[in-house]
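Since the structure comes first, as structure tokens, the remarks are kept for the end.
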Amino acid sequence: MFQPKRVLKADEIWLSDREFWLRPIEEREGAWATLREEKPISFHEELDLGFLPKGPGYWSVVKHADVLEVSRTPEVFCSGRGSNIGDMPPPFLEAFGSMINMDDPRHGRLRRIVSRGFTPRSLAHWEEDVQRIAKEIVDSLLERGSCDFVTDVAAALPLRIICDMMGIPESQHQFVFDRTNTILGAGDPEYSPDLDPAKIIPALLTAGAELTALVQDLGRHRRGKPTDDLTSELVNAEIEGERLTDAELGSFFVLLVVAGNETTRNAISHGMKALCDYPEQRAIWAKDFEGTAETAVEEIVRWATPVIHFRRTALRDTELRGQKIKAGEKVVMWYAAANRDEEAFDQPYRFDVRRMPNEHVGFGGPGPHFCLGAHLARREITVIFRELFERAPKLEITGPPDRLQSFFIHGIKHMTCEVRG
């Protein structure tokens, strides 16, 4: 069983430090455990990025119960001032965050419009496509015998599904994939060879603008001439006399392809690695795939916790676990820490495909910002693993995961695999 390594004292843990995020995962998990026990609400200085005024610092929330409390009280802890730790200009927030950087009533209005395409009933329309794409991906894997599991399997599935849902032609899929890597890989040398912050921000803005232009052009063609894709439904939807603006369509698409692609691909990647690391759990699922799938998928999302944190801002003076928090102060919910909380999960470092209960926060906490695409993500994870269990039961990971250097996304960039015997 995985074991955290406690090498840092509570006062030595600085969550803004780039060096902290380069430590082995065992040491980071040890730091979370120390904070949960000794400083469940701790204050951290922000990093001086140079291209923006240095922020005032933030309160870190690492206990599961406290993350739930912050999530479900938007009247106290708002999202409209930014969901990332740094204070970005308002145009940047809306271009890259869409609904996650909004509060009601704007958040509720936008979510009501776009959620129509993500109900279980609406997503049933795409079920055959999900099955077909998963089959084609495994067909390709079996033909080659080995591949990069992340780029060829885990990333390929949600990318193709979301692009197909939106009506993005196949010729543009790689274009979309590359821009999402630029946005969420900022700070990783593979995706940002020049780590000068003054150059990273223009690269992010360019990638976002290119994705926005792509879907806005498609949206203009779909207005009045709809097809059966999600873009047509979104641009022609009207709720209480309101429709999506071009800007809202663009920012929602950026959120969809970035969050939908990256989080699902990382859940699948971490899930496959865990199944190879814990063969007894793999055998349990293989023996009764359908009967175990629901709990196994939830455990994969908890284990992976693809999004490491989100931020809120206190709207008024308040108190959390005895710590006074002033109006205007930032509060960061560390999902990665909450999903290993010993008070919320029995043996949290054990990967258990039959874990129940499992009230993880891998899709965010309860409240208005719970992940809109959670149902789709669960279907994608279920379908790809069904294909792999049935047709590639002896797939093994053959190399160490090449992890994304990020304090926002718990990502794997590359991971070699082989179908044996």
Regarding [X] and [Y], is there a side-chain donor-to-acceptor distance under 3.5 Å anywhere?
X	Y	result
W59	Q323	no
N339	H360	no
N261	T180	no
R144	S140	yes
D229	S232	yes
S42	S60	no
R311	T313	yes

Which atom of [X] lies closest to which atom of [Y], heavy atoms considered:
X	Y	answer
S71	P368	O-CD, 4.3 Å
F118	G373	CD2-CA, 4.5 Å
G80	D103	N-OD2, 2.9 Å
A304	H410	O-ND1, 2.6 Å
C163	H173	CB-NE2, 3.2 Å
I412	N266	N-OD1, 3.0 Å

_Stepwise side chain to side chain donor-acceptor pair (under 3.5 Å) test for R18 and Q405_ = CA-CA 9 Å; R18 180 178 174 82; Q405 294 183 21; 2.8 Å; yes
Nearest 0.5 Å, please: how far is [atom2] in [Y] from [atom1] in [X]?
X	Y	atom1	atom2	answer
I113	L244	CD1	CG	4.5 Å
I300	N358	CD1	CG	11.0 Å
H270	M415	NE2	CE	8.0 Å
L249	R222	CG	CZ	11.5 Å

Any side-chain heavy-atom pair of [X] and [Y] under 4.5 Å:
X	Y	result
S406	D188	no
V76	L315	no
E29	Y349	yes

Indicate yes or no: does [X] engage [Y] in a salt bridge with an N to O separation below 4.0 Å.
X	Y	answer
R350	D352	yes
E396	R282	yes
R179	E210	yes
R378	E298	yes
K63	D341	yes
D11	K39	yes
D104	R109	no

Fit a plane to each ring of [X] and [Y], take the angle between them on a 0 to 90° scale, and name the class: parallel (under 30°), tilted (30 to 60°) or perpendicular (over 60°).
X	Y	answer
F408	H309	perpendicular
Y335	F310	perpendicular
F385	W285	tilted

Looking at [X] and [Y], would you say the former's side chain and the latter's main chain have a donor-acceptor pair under 3.5 Å?
X	Y	answer
K330	I85	yes
Q216	D246	yes
S16	E45	yes
D317	A327	yes
D152	C147	no
T245	E248	yes
E329	K326	yes
N101	S83	yes
T263	P306	no
S269	R265	yes

Counting only heavy atoms from other residues, nucleotides and ligands, does the tally under 6.0 Å from [atom1] of [X] exceed 12?
X	atom1	answer
Q131	CD	yes
E294	CD	no
R6	CZ	yes
R132	CZ	yes
M1	CE	yes
E319	CD	yes

*Stepwise side chain to side chain donor-acceptor pair (under 3.5 Å) test for E359 and H64*: CA-CA 9 Å; E359 299 299 323; H64 185 270; over 6 Å; no
*Where do E343 and R36 land on the salt bridge (charged side-chain N to carboxylate O under 4.0 Å, His left out) test, with the steps shown first?*
CA-CA 10 Å; E343 292 184 3; R36 282 194 301 269; over 6 Å; no
*Can you check side-chain contact (heavy atoms from CB on, under 4.5 Å) on I13 and F20, steps first, answer last?*
CA-CA 8 Å; I13 300 170; F20 174 83; 4.2 Å; yes
*Show your working on side chain to side chain donor-acceptor pair (under 3.5 Å) between H369 and S79 and close with a plain yes or no.*
CA-CA 9 Å; H369 288 277; S79 301; 3.2 Å; yes
*I would like to know whether F351 and V353 meet side-chain contact (heavy atoms from CB on, under 4.5 Å); could you show each step before the answer?*
CA-CA 7 Å; F351 179 71; V353 296; 3.7 Å; yes
*Please test K135 against E387 for salt bridge (charged side-chain N to carboxylate O under 4.0 Å, His left out), starting from the C-alpha separation and ending with a verdict.*
CA-CA 7 Å; K135 181 180 183 301; E387 285 288 319; over 6 Å; no
*asked:* Between R302 and V361, does the side-chain contact (heavy atoms from CB on, under 4.5 Å) criterion hold? Intermediate values first, please.
replied: CA-CA 7 Å; R302 182 192 77 90; V361 288; over 6 Å; no
*Quick one: do I308 and W21 satisfy side-chain contact (heavy atoms from CB on, under 4.5 Å)? Show the steps, please.*
CA-CA 11 Å; I308 297 173; W21 297 98; 3.9 Å; yes
_Out of the candidates E299, Q347, Q281, only one should pair with R355 under the side chain to side chain donor-acceptor pair (under 3.5 Å) rule; please name it._
E299
